[in-house]
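Heads up, the thing below is written out as structure tokens.
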Number of protein chains: 2
Amino acid sequence: MSTPGTVESVVTDPKLVGERRQQIVSAATKLFSEQGYYSTTIQHIAREAGISVGLIYQYFRDKDDVLFLSLKLVLETYENEIPAALEGIDHPLERLCAAIGAYCRVVDKLREATVLTYRSTKSLRADRRIFIKDGEIRTNRLLEACLRACIAGGHLRPVNDHLLVYQYVLFAHAWALKQWALRDRYSLDEYVEEGIKLLVEPFLTDKGRAAMARFKRKQRRRD
Amino acid sequence: MSTPGTVESVVTDPKLVGERRQQIVSAATKLFSEQGYYSTTIQHIAREAGISVGLIYQYFRDKDDVLFLSLKLVLETYENEIPAALEGIDHPLERLCAAIGAYCRVVDKLREATVLTYRSTKSLRADRRIFIKDGEIRTNRLLEACLRACIAGGHLRPVNDHLLVYQYVLFAHAWALKQWALRDRYSLDEYVEEGIKLLVEPFLTDKGRAAMARFKRKQRRRD
DNA sequence: CCCATGAATGAATGAGCATTCATTCATGTC
DNA sequence: GACATGAATGAATGCTCATTCATTCATGGG
């Protein structure tokens, strides 16, 4: 029982389980994000979700389970939305920029919850912590693939792709982590644009620079 | 009473206060880092420090106070060690690289405690949280000054210095935050070197590139 | 209409832990 | 050596939760 990625429920109807858990996790994520894991009580969560305390224990074994599914949901959103944003984009460079932009936009949407992953991953049981980290690695790979394609296509000069991807990730996360310092200096779009100037453009080859200029013109026409 | 940056003590002898607090904070930092703030009890801290529970309350008003001084110590270490590492270095570029290297080295030394600042700053009372953030801003300014000097001296081309400094900070913090992913790929020195390749070298002017080459030769001779 | 089954409730339990404080200890002073 | 002062102790207090479970509610089939 209790494989790392799974959470057990007393209730059997899968549809109901899905709905109730969604309801509980959504309330929990809000409260965990605002006040942290330990300051949030099961009674708070129940009130916020509009259900009784006991009901939570019909759908989760314990509080750790609730945190786990909350964090898992955040990571899954990353894993879903970034590929979705790349849909239909062909040029490697454009894909890379889109991926960075998408990452930042997801972080923006899940600002509080992203901070939560930094604050609370360590509060999880060890096996689940690893599970969550794997999710992060999977997301990184999405970016890494975009970056590698740019290098392979000769649009970016060869660089330490592994580390550069980390910089992209950190750049996106910073939008949530350092919100207090960035918020009143940049809009989200400006932030992304400046990020690309710092973390993509310096590595462009001549070929890449030409392609990039084309996109920028195209984009300006779209605005 | 209780100005944000101060902590009150029942004990009056300043020397004793300094020693005991050091002893308590050191134990607390260790435990907070390992298990988090809420899972660490005052009784744990007392045992780890080899003193009684009651004594902690002679030197700290409450548990929040202990966390606060722990975090404050980390920030102060940053603020002290980075300038110390720049001592006697004149060339702006060399200062910038030294500052980045020093930052990474402090993070390495305080690896667990640095993670703690991310996990637990929000557990502090609001006014103290601001105090801690100010400390971070002050540290950033150290780096910003180095970076600006490089630009002013024509060694780096003009860039968004504010954001680039954040990338430096994140790069250093990542050494602690993403330890599990970086540890077995890079030694600390390699990490710093690769960081400079990604976050400094791309912005070098011709003049800067020449200067950089000189330092590298000098450094190789030193090894 | 009567049961059986699964869902939902929320008061009660009990463990854990921050904080207090009555007491003891160490020292310096006269 | 008696006293005063400040340090140190750790058992006791009281509060805050996670978790349980006896009970109630809703439904659907017979």
Side-chain angles (χ1 to χ4, degrees), chain A residues 1-2 7-32 34-70 120 123-125 128, chain B residues 1-2 7-32 34-70 120 123-125 128:
Chain A
M1 74 228 66
S2 159
V7 165
E8 310 231 317
S9 166
V10 175
V11 177
T12 51
D13 175 11
K15 181 155 164 262
L16 194 52
V17 171
E19 284 169 9
R20 284 292 196 207
R21 280 189 175 169
Q22 153 69 34
Q23 180 185 12
I24 294 166
V25 161
S26 145
T29 303
K30 174 160 183 261
L31 297 175
F32 286 160
E34 281 167 15
Q35 331 174 356
Y37 176 66
Y38 288 100
S39 306
T40 301
T41 71
I42 292 288
Q43 355 272 324
H44 287 320
I45 298 174
R47 185 152 359 115
E48 176 76 27
I51 58 174
S52 68
V53 167
L55 194 59
I56 292 178
Y57 286 88
Q58 302 279 29
Y59 295 93
F60 296 89
R61 184 193 302 297
D62 54 24
K63 203 182 164 190
D64 186 276
D65 269 3
V66 180
L67 175 62
F68 175 63
L69 277 202
S70 303
S120 301
S123 307
L124 284 176
R125 280 178 4 218
R128 301 200 145 163
Chain B
M1 79 219 72
S2 160
V7 165
E8 311 230 317
S9 167
V10 175
V11 177
T12 51
D13 176 11
K15 179 151 166 266
L16 194 51
V17 171
E19 285 170 9
R20 284 293 197 205
R21 281 189 173 168
Q22 153 68 35
Q23 180 184 11
I24 294 166
V25 161
S26 144
T29 302
K30 172 158 183 259
L31 296 176
F32 287 159
E34 281 167 14
Q35 331 173 356
Y37 177 66
Y38 287 101
S39 306
T40 301
T41 71
I42 292 288
Q43 355 274 325
H44 286 320
I45 298 174
R47 184 150 0 113
E48 176 75 28
I51 59 174
S52 68
V53 167
L55 194 59
I56 291 179
Y57 287 88
Q58 303 279 26
Y59 295 93
F60 296 88
R61 184 192 301 302
D62 54 23
K63 203 182 164 188
D64 187 277
D65 269 3
V66 180
L67 175 61
F68 176 63
L69 277 203
S70 302
S120 300
S123 307
L124 283 177
R125 278 177 6 218
R128 302 201 144 162

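When reading the values below, keep in mind they use all heavy atoms of this one structure, side chains included, and skip hydrogens, waters and symmetry mates. The model shown is predicted, which means the values in this text are computed figures rather than measured ones.
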Nucleotide D/dA18, atom P - distance to CZ of A/R61 in whole Å =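 Those two atoms, CZ and P, are 17 Å apart.
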Whole-Å distance separating the OH atom of A/Y37 from the P atom of D/dT16 |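 Value for this atom pair: 20 Å.
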side-chain contact (heavy atoms from CB on, under 4.5 Å) evaluation trace for B/E34 with B/T40 = CA-CA 9 Å; B/E34 281 167 14; B/T40 301; over 6 Å; no
Counting only N and O atoms by type, is there a donor-acceptor contact under 3.5 Å from the side chain of B/D65 to the main-chain atoms of B/F68?
->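 No, because the side chain of B/D65 does not come within donor-acceptor range (under 3.5 Å) of the backbone of B/F68.
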Keeping the roles fixed (side chain from B/S120, backbone from B/S123), state whether a donor-acceptor pair exists under 3.5 Å.
->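 Judged by distance alone, no pair lies under 3.5 Å.
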Hey, which of these two, A/G54 or A/I42, hits DNA chain D nearer its 5' end, going by closest nucleotide?
->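 This one resolves to A/I42.
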I would like to know whether B/T29 and B/S26 meet side-chain contact (heavy atoms from CB on, under 4.5 Å); could you show each step before the answer?
-> CA-CA 5 Å; B/T29 302; B/S26 144; 5.9 Å; no
First contact, last contact: which nucleotides of DNA chain C are these for chain B, 5' to 3', heavy-atom distance under 4.0 Å?
->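 Both ends considered, the range comes out as C/dC17 to C/dT20.
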What does [X] touch in the nucleic acid at a heavy-atom separation under 4.0 angstrom: a base, only the sugar-phosphate, or nothing?
| X | answer |
| --- | --- |
| B/R47 | nothing |
| A/Y59 | sugar-phosphate |
| B/S39 | nothing |

Over-ring placement of B/K63 relative to B/Y37, 6.0 Å and 45° cut-offs =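 Output yes; distance and angle both within limits.
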Would A/R21 count as a cation-pi partner of A/F60, with NZ or CZ less than 6.0 Å from the six-membered ring centre and within 45° of the ring normal?
->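 Ring-cation test returns yes.
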Residue closer to the 5' end of DNA chain C, A/L55 versus A/Q43 (nearest nucleotide) =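 Between the two, 5'-proximity favours A/L55.
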